[in-house]
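Source: prediction; values computed, not measured.
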Amino acid sequence: MKIAVFMGGVSSEREVSLRTGKAILESLIRQGYDAYGVDLKEDNLLKAFIENTYDLAYLALHGEFGEDGRIQAVLDIIKKPYTGSGVTPSAIAMDKNMTKIIAEKAGIRIPRSYRDKSEIDSYPVVVKPTTEGSSVGLYICNGIEEVEKALDNLKGKNILIEEFVSGEELTVGVLKGEPLGVLKITPKSGLYDYQSKYTSGMTEYEYPAMVSKDVYDEAMDFSQKIHQELGLGGVSRSDFILKDGKVYFLEVNTCPGMTETSLVPKLATLKGYSFDDLVKKIMQ
C-alpha cells in the first residue's frame with residue numbers, strides 16, 4: 001500500500017501542519033511503510049490529490065482547506081480513502097458555533113455565548129474566529145472598546161463571542177471512540193496562545209491530570225460524547241476549562257497536532273501507545 005501524507009496547506013496553521021506531517025511521515029517510514037510526503041500549496045491544492053499516486057491519503061492538515069471537510073469532499077469524489085473524519089463531521093466540528101450548539105443539546109456544559117456585541121453584559125469576554133485553530137485570532141477583551149478593536153481586526157471572518165471562563169486548561173484525546181485520558185495544561189505565560197503551544201519549554205503538561213475523580217470522569221465523558229454526537233472518526237481532541245469544579249467544553253479538533261510538543265501523543269502513552277502505535281492506529 002502506498003501512503004501519501006498530505007501536509008502544509010494554505011491556512012494560518014500551515015507551519016504546524018508541516019511539522020505534524022513530517023513527524024507522521026518519519027514514523028510511517030520507520031515502520032516500513034511505502035510512504036511519501038506532499039506539501040500542499042495554493043498552486044497545487046487540488047492537483048496534488050488527483051495527480052499523485054497513492055492508495056491512502058494520510059491527512060496531516062490543520063484549519064481551513066484541510067480540517068473543514070472540503071479536502072475530504074475532494075477525496076470522496078475521486079474515491080480515495082483517507083484518515084480522520086468524513087466531510088460533514090469535519091465541517092461541523094470546524095465551526096465552533098455549530099459545535100457548541102450540538103454540545104449543549106447533548107448535555108455538555110459550555111461557556112455562555114453572545115450573538116453580537118450589544119448582548120454583552122459582563123466582562124471579560126473572548127472574541128475569536130469560528131473556523132481558526134491554534135489560538136489564531138483569539139482576543140480576551142475587558143471592555144467594549146477592546147471588543148470593537150478585536151472585531152475590527154477580525155473583519156471578514158465569522159466570529160464567536162463568549163464569556164471568558166478563567167480556570168485550569170484540560171484536554172482529552174479520543175481514539176476510535178475511546179477516551180485516552182485527561183491532560184492538564186499550565187502555560188508559563190499564563191495564556192495558552194500560539195507561542196505557548198509550539199515553543200518547547202513554555203508550557204507544563206500533567207498527564208494524567210491531577211484533578212478529582214468526578215472532574216476526570218466528566219471530562220472523559222464529555223469528550224467521548226462530542227466525538228460520538230458529531231460522528232467523528234480516527235482521533236479527536238477536545239479542549240476544556242475547569243472552573244470551580246465544573247468542566248466547560250471549548251472546542252474539538254478533528255486533526256490534532258502530532259508534533260514534538262503535541263498533546264494527543266502524550267495522552268496516547270496513558271494507554272501504552274508509542275507515537276508509532278498512534279500513527280498506525282489512525283491509519284488503520
Side-chain angles (χ1 to χ4, degrees), residues 3 5-9 13-33 35 37 56-63 66-67 82-85 90 93 133-135 168-188 192-211 216 219-220 223-224 226-227 232-240 250-284:
I3 304 167
V5 181
F6 291 95
M7 64 186 91
E13 299 174 81
R14 173 177 166 77
E15 292 307 314
V16 182
S17 171
L18 288 171
R19 285 161 63 180
T20 286
K22 181 173 178 285
I24 289 169
L25 178 59
E26 287 173 353
S27 172
L28 289 170
I29 291 171
R30 188 164 57 239
Q31 294 183 71
Y33 290 101
L56 173 73
Y58 203 122
L59 300 182
L61 297 161
H62 306 314
E67 207 171 347
Y82 53 89
T83 58
S85 299
S90 296
S134 295
S135 302
E168 295 177 300
E169 302 202 35
L170 305 177
T171 195
V172 182
V174 176
L175 179 63
K176 296 197 289 186
E178 293 299 321
L180 295 169
V182 184
L183 179 148
K184 184 161 77 173
I185 301 158
T186 309
K188 293 177 180 176
Y192 195 46
D193 56 10
Y194 189 93
Q195 190 176 14
S196 294
K197 285 183 179 181
Y198 301 113
T199 307
S200 186
M202 283 197 65
T203 301
E204 293 176 353
Y205 304 103
E206 181 182 274
Y207 53 103
M210 303 304 287
V211 294
Y216 201 98
M220 294 274 279
S223 64
Q224 186 175 38
I226 199 67
H227 190 96
L232 302 181
V235 70
S236 72
R237 199 196 77 233
S238 291
D239 298 335
F240 303 93
L250 298 180
E251 62 180 274
V252 62
N253 303 272
T254 58
C255 188
M258 296 276 279
T259 71
E260 66 276 6
T261 57
S262 294
L263 307 180
V264 168
K266 290 178 171 63
L267 286 162
T269 64
L270 298 177
K271 294 291 187 183
Y273 301 144
S274 67
F275 187 85
D276 287 353
D277 292 335
L278 181 59
V279 167
K280 186 175 181 178
K281 283 181 177 294
I282 292 169
M283 180 190 69
Q284 289 172 336

query: What residues form a side-chain contact (heavy atoms from CB on, under 4.5 Å) with Ser238, not counting sequence neighbours?
result: Ser223, Ile226, Phe240, Phe249, Val252
message: Could you walk me through whether Gln31 and Val279 satisfy the side-chain contact (heavy atoms from CB on, under 4.5 Å) test, starting with their C-alpha distance in whole Å, then the side-chain angles of each, then the deciding distance to 0.1 Å, before giving a yes or no?
response: CA-CA 10 Å; Gln31 294 183 71; Val279 167; 4.3 Å; yes
- prompt: Do you know which of Thr254, Leu175, Val174 makes side-chain contact (heavy atoms from CB on, under 4.5 Å) with His227?
  reply: Val174
- line: Lys176 meets the side-chain contact (heavy atoms from CB on, under 4.5 Å) criterion, sequence neighbours left out, with none
Pro256 backbone acceptor or donor facing His62 side chain under 3.5 Å: no
With Lys22 via side-chain contact (heavy atoms from CB on, under 4.5 Å) - residues at least two apart: Glu26
- prompt: How long is the span from the CG atom in Leu28 to the CD1 atom in Ile3, to the nearest 0.5 Å?
  reply: 5.0 Å
- request: Could I get the full list of salt bridge (Lys or Arg N to Asp or Glu O under 4.0 Å) partners for Glu178, not counting sequence neighbours?
  value: none
Polar side-chain atom of Ser85 near backbone of Gly233 as donor-acceptor pair, under 3.5 Å: yes
- request: Quickly, which of Leu59, Val264, Thr83, Ile24 forms a side-chain contact (heavy atoms from CB on, under 4.5 Å) with Ile282? Name it, please.
  value: Thr83
field: Under the salt bridge (Lys or Arg N to Asp or Glu O under 4.0 Å) test, residues paired with Lys266 that sit two or more places apart
entry: none
query: With Asp277, which residues qualify under salt bridge (Lys or Arg N to Asp or Glu O under 4.0 Å), at least two apart?
result: none
task: Give a yes-or-no answer on whether the side chains of Ser262 and Thr259 include a donor-acceptor pair shorter than 3.5 Å.
output: yes
field: Shortest non-hydrogen contact between Gly8 and Ser17, atoms and distance
entry: N-OG, 2.8 Å
